[in-house]
Visitor: 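Before we start, here is the structure in question, set down as structure tokens.
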Amino acid sequence: MTRRRRRVSVIAAVVAAAVTATAAFLTLPAASAAEVDFPTFATTSNGSDPEVIFCNHPTLGSGYCMVTSQDLRQPGIYPMNKTVSYFSRDGIAWQYMGNAIEERDLVPYGAAQANHLWAPALIAGWGGDNNNYYLYTPALTNASNHLSSRIFVSRSSNPSTGFRNSVLGQVTGAPSGLYMSDPFVFREFRTANSPHYLVWADGDGGTCGGISMRRMTSATSIEPFTNPSQVAVTINGIGVLGNCGGKGRPYLEGASLYQFDRWNIAANPPKGGLPGKYTLVFAAKPTSTPAECQQPGQPNTANSVLAYATSNTVTGPYTYRGIIMCGSKDEWTNQASIVEVKAANGEWRLMLVYHDGAKVQNQVRSRYLRSECLYTMDNKFLNVMRTGEGAASVHGYRQWCLNAPTVVAIRSYHNGKFVRSDSGGVMTASKATPGTWEEFTLEQSGGITYFNAHNPINKWVQANRGNNTIMARGESKGEWERFTLHQLSVIPNGVRYGIRDSQGKWVRVDDTGKLVLGPVANGVPNHSSYYFDVIFLST
């Protein structure tokens, strides 16, 4: 159901014969202004390990439900003793709903009070039970043994409350003593009789844990097995991120599994396509800083990245496809949930909800929730940076990417690099693949096109007539910010365009990769440095 992405391109060729005096214009919808607010998402409290699902609250109606862990901000390795619940009607503005469950609620069913209530999971219904929600929570069964983590299940007709009084016990079917944490329950299709699979982390950092998966036989049981190798998920190619303990892969945790062709976004997919058929998203601890994370604007650390792999079958084997988000500047871990929300123009878009953290002080960790928009190209996720504004703010404002009606990346045909804008607004064609700093919106009115940069946030691209450079620093749309996109010729799967400023000069890439105004005015350029591909990232 994925459509081929739409590409607008300009190629160095003999184009004079193809150009007429009245050039064609690319018409696009108008953009909305971005809101900039606090850099957290849903709550300013110390939330982490988020999972977001569609749900139907008995009193608040249909919307989104989120469960998270919550750091106690005490010394130790992520001490936690509660799972917190939130509700939202649109996935943007969130309401705190209280504690879904606490560690002490699980003690009668085999858990220890060890401040180890990590990474919960929530699912709407199980099998034919459409009246209840099931909460999956990892907890230690022996407070003195950090490898005694098991997964506990509770049930409620309310997705936010009621779990504390209806604990069903541990997930059964796994060998005694097997480490099980960071659960995710995947329903293969949205039908009552669809199979369910439990995905979990099968070890911690000290044991170089990986990802396991097993088909479920009930809400509290999986198909029995005796050898952990029977359920280990194979991810081919993941060894490029590290070799933990000689296992040929890095330490993995916090996995989630998606089937995007069953989502609302599949009816009008992004131009870059959707990964899949099955997409496994997980945290991975690289041995060293990956090359794609050694880029301007990235934290440039070897902390845990968010990566993904795809497969044509649920249980794999999976093929590693790349990094969604590089490691944090300060926080060692990261886990995330992908959710679809509506942008300001009504389009469904993908949003990453993840946790970040402040620098550890006196062995105390403090994490918080963040969000960013996700874009794709060639059916692959683009690497997303952490931005100050995120996709949505703590107060429920749609930020730059969810306000933008049309998001594009621009590539120079001359050097094959994507155009980026640094923090000072200097624009160069210098990135091999597009990311957050290579995202722009297009807004057109009366044949005039305006470019709005994601970095610096909400700055308009302008032709600086003082030095003939192109920069993203305009505070508003004025004469210097006016451009026109001229169709030069039509080619298979694309259209050839040129970019001119309001004085008729054409934009080009110089030998250093910087965008400048070329000497050609009024005439038609015939050098490849004047030609760009404009690749649509949103629908």
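Just so it is clear, the model here is predicted, and its values are computed rather than measured.
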Visitor: If the threshold is 4.0 Å, N to carboxylate O, is there a salt bridge linking K477 and E443?
Guide: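 Here K477 pairs with E443 in a salt bridge, since their nearest N and O are under 4.0 Å apart.
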
Visitor: Do we see a donor-acceptor contact under 3.5 Å between the side chains of Q335 and T333?
Guide: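 Distance-only check fails for Q335 and T333.
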
Visitor: Are side-chain heavy atoms of M213 and L257 found at a separation under 4.5 Å?
Guide: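 Yes, at least one pair of side-chain atoms sits under 4.5 Å.
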
Visitor: Classify the side-chain pair N300/Q294 by whether it contains a donor and acceptor separated by less than 3.5 Å.
Guide: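 No donor-acceptor contact under 3.5 Å links the two side chains.
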
Visitor: Consider only side-chain N and O atoms of H414 and S528, and report whether a donor and an acceptor are under 3.5 Å apart.
Guide: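 There is such a pair (donor and acceptor under 3.5 Å, judged by atom type) between the side chains of H414 and S528.
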
Visitor: Measure across T376 and P270 and return the closest heavy-atom pair with its distance rounded to 0.1 Å.
Guide: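 Reported closest heavy-atom pair: OG1-CG, 3.8 Å.
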
Visitor: Can you list the residues that meet the ring-ring contact (aromatic ring centres under 6.0 Å, His included) rule with H454, with sequence neighbours excluded?
Guide: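 Partners of H454 under the ring-ring contact (aromatic ring centres under 6.0 Å, His included) test: W400.
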
Visitor: Side-chain contact test, heavy atoms from C-beta onward, threshold under 4.5 Å: evaluate it for K342 versus D90 and give yes or no.
Guide: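 Not touching, per the 4.5 Å side-chain cut-off.
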
Visitor: Could you point out which residue of R420, Q298, Q295 forms a side chain to side chain contact (heavy atoms under 4.5 Å, CB included) with W437?
Guide: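 It is R420, the one option of R420, Q298, Q295 that forms the side chain to side chain contact (heavy atoms under 4.5 Å, CB included) with W437.
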
Visitor: Using a strict 4.0 Å threshold on nitrogen-to-oxygen distance, state whether R482 and D501 make a salt bridge.
Guide: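 Between D501 and R482 there is no salt bridge, as every charged N stays at least 4.0 Å from the carboxylate O atoms.
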
Visitor: Check whether any side-chain heavy atom of F282 lies under 4.5 Å from a side-chain heavy atom of I324, and answer yes or no.
Guide: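 No, their side chains stay 4.5 Å or more apart.
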
Visitor: Before you tell me yes or no, could you show the steps for S88 and Q95 under side chain to side chain donor-acceptor pair (under 3.5 Å), namely the whole-Å CA-CA distance, both residues' side-chain angles and the distance that decides it to 0.1 Å?
Guide: CA-CA 6 Å; S88 172; Q95 179 178 350; over 6 Å; no

Visitor: Report the C-alpha separation of K277 and D261 in whole Å, then their side-chain angles, then the decisive distance to 0.1 Å, and conclude whether the salt bridge (charged side-chain N to carboxylate O under 4.0 Å, His left out) test is met.
Guide: CA-CA 7 Å; K277 181 177 180 181; D261 63 0; 5.8 Å; no

Visitor: Not counting sequence neighbours, which residues clear ring-ring contact (aromatic ring centres under 6.0 Å, His included) with F186? List them please.
Guide: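 For F186, no residue satisfies ring-ring contact (aromatic ring centres under 6.0 Å, His included) once neighbours in sequence are set aside.
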
Visitor: Could you tell me if the side chain of V384 sits less than 4.5 Å from the side chain of L352, heavy atoms only?
Guide: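 A side-chain contact under 4.5 Å exists here.
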
Visitor: Whether K459 and E475 form a salt bridge (side-chain N of Lys/Arg under 4.0 Å from carboxylate O of Asp/Glu) is what I want to check.
Guide: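 Between K459 and E475 there is a salt bridge, with a charged N closer than 4.0 Å to a carboxylate O.
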
Visitor: Whether D533 and R411 form a salt bridge (side-chain N of Lys/Arg under 4.0 Å from carboxylate O of Asp/Glu) is what I want to check.
Guide: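 Here R411 pairs with D533 in a salt bridge, since their nearest N and O are under 4.0 Å apart.
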
Visitor: Is the NZ or CZ atom of R370 both under 6.0 Å from the centre of the six-membered ring of F41 and within 45° of that ring's axis?
Guide: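 That pair does not qualify as a cation-pi contact.
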
Visitor: For atom CG of N467, decide whether the heavy atoms of other residues, nucleotides or ligands shown that lie under 6.0 angstrom number more than 12.
Guide: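 It does: N467 CG has more than 12 such atoms within range.
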
Visitor: Do F483 and F451 have their ring centres less than 6.0 Å from each other?
Guide: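 Yes, the ring centres sit under 6.0 Å apart.
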
Visitor: Rounded to the nearest 0.5 Å, how far does OH of Y375 lie from OG of S538?
Guide: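 Output value for this atom pair is 6.0 Å.
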
Visitor: Within 45° of the ring axis of Y251 and under 6.0 Å from its six-membered ring centre, is that where the NZ or CZ of K285 lies?
Guide: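 Ring-cation test returns no.
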
Visitor: Taking the side chain as everything from C-beta on, heavy atoms only, tell me whether V305 gets closer than 4.5 Å to L241.
Guide: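 Yes, their side chains come closer than 4.5 Å.
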
Visitor: Would you please say whether a donor-acceptor pair under 3.5 Å links the side chains of H527 and S529?
Guide: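 Present: a donor and an acceptor within the cut-off.
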
Visitor: Any side-chain heavy atom of C326 sitting closer than 4.5 Å to one from N383?
Guide: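 Yes, at least one pair of side-chain atoms sits under 4.5 Å.
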
Visitor: Within the 3.5 Å criterion, strictly below it, is a donor on N236 or T234 matched to an acceptor on the partner's side chain?
Guide: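 No - no donor-acceptor pair under 3.5 Å links their side chains.
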
Visitor: For E389 and Y397, test the side chains for any donor-to-acceptor distance below 3.5 angstrom and give the result as yes or no.
Guide: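 No, no side-chain donor-acceptor contact under 3.5 Å.
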
Visitor: State, yes or no, whether a side-chain contact exists between I470 and V461 at a heavy-atom distance under 4.5 Å.
Guide: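 Yes, at least one pair of side-chain atoms sits under 4.5 Å.
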
Visitor: Got a sec, which residues hit side chain to side chain contact (heavy atoms under 4.5 Å, CB included) with E51, two or more places apart in sequence or on another chain?
Guide: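 E51 satisfies side chain to side chain contact (heavy atoms under 4.5 Å, CB included) with I53, V67, A121, F184, S337 only.
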
Visitor: Run the side chain to side chain contact (heavy atoms under 4.5 Å, CB included) test on N452 and F440 for me, step by step, so that the C-alpha distance in whole Å, both residues' side-chain angles and the decisive distance to 0.1 Å come before the verdict.
Guide: CA-CA 5 Å; N452 189 263; F440 301 86; over 6 Å; no

Visitor: Would you say that Y318 contacts T315 through its side chain, given a criterion of any heavy-atom pair below 4.5 Å between the two side chains?
Guide: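 The answer is no, as the side chains (C-beta and beyond) never meet within the 4.5 Å cut-off.
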
Visitor: For R321 and T310, which I'm curious about, is there any donor-acceptor pair between the side chains at under 3.5 Å?
Guide: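 Side-chain D/A pair, R321 to T310: present.
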
Visitor: Check the orientation of F260 and Y258. Use parallel for under 30°, tilted for 30 to 60°, and perpendicular for over 60°.
Guide: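 Aromatic pair F260/Y258 classed parallel.
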
Visitor: Any side-chain donor-acceptor pair under 3.5 Å between R465 and S502?
Guide: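 Result is yes, a qualifying pair exists.
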
Visitor: Determine whether the aromatic ring centres of F532 and Y413 lie less than 6.0 Å apart.
Guide: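 When the ring centroids of F532 and Y413 are compared, they turn out to be at least 6.0 Å apart.
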
Visitor: Give the minimum heavy-atom separation between N345 and P405, together with the two atoms involved.
Guide: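 Looks like ND2-O, 3.3 Å.
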
Visitor: Whether the N334 and N303 side chains hold a donor-acceptor pair (N or O, under 3.5 Å, no angle test) is what I'd like checked.
Guide: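 No pair is found: no donor N or O on one side chain lies under 3.5 Å from an acceptor on the other.
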
Visitor: Is the number of heavy atoms from other residues, nucleotides or ligands under 6.0 Å of K329 NZ greater than 12?
Guide: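 No, because the 6.0 Å sphere around NZ of K329 holds 12 heavy atoms or fewer from other groups.
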
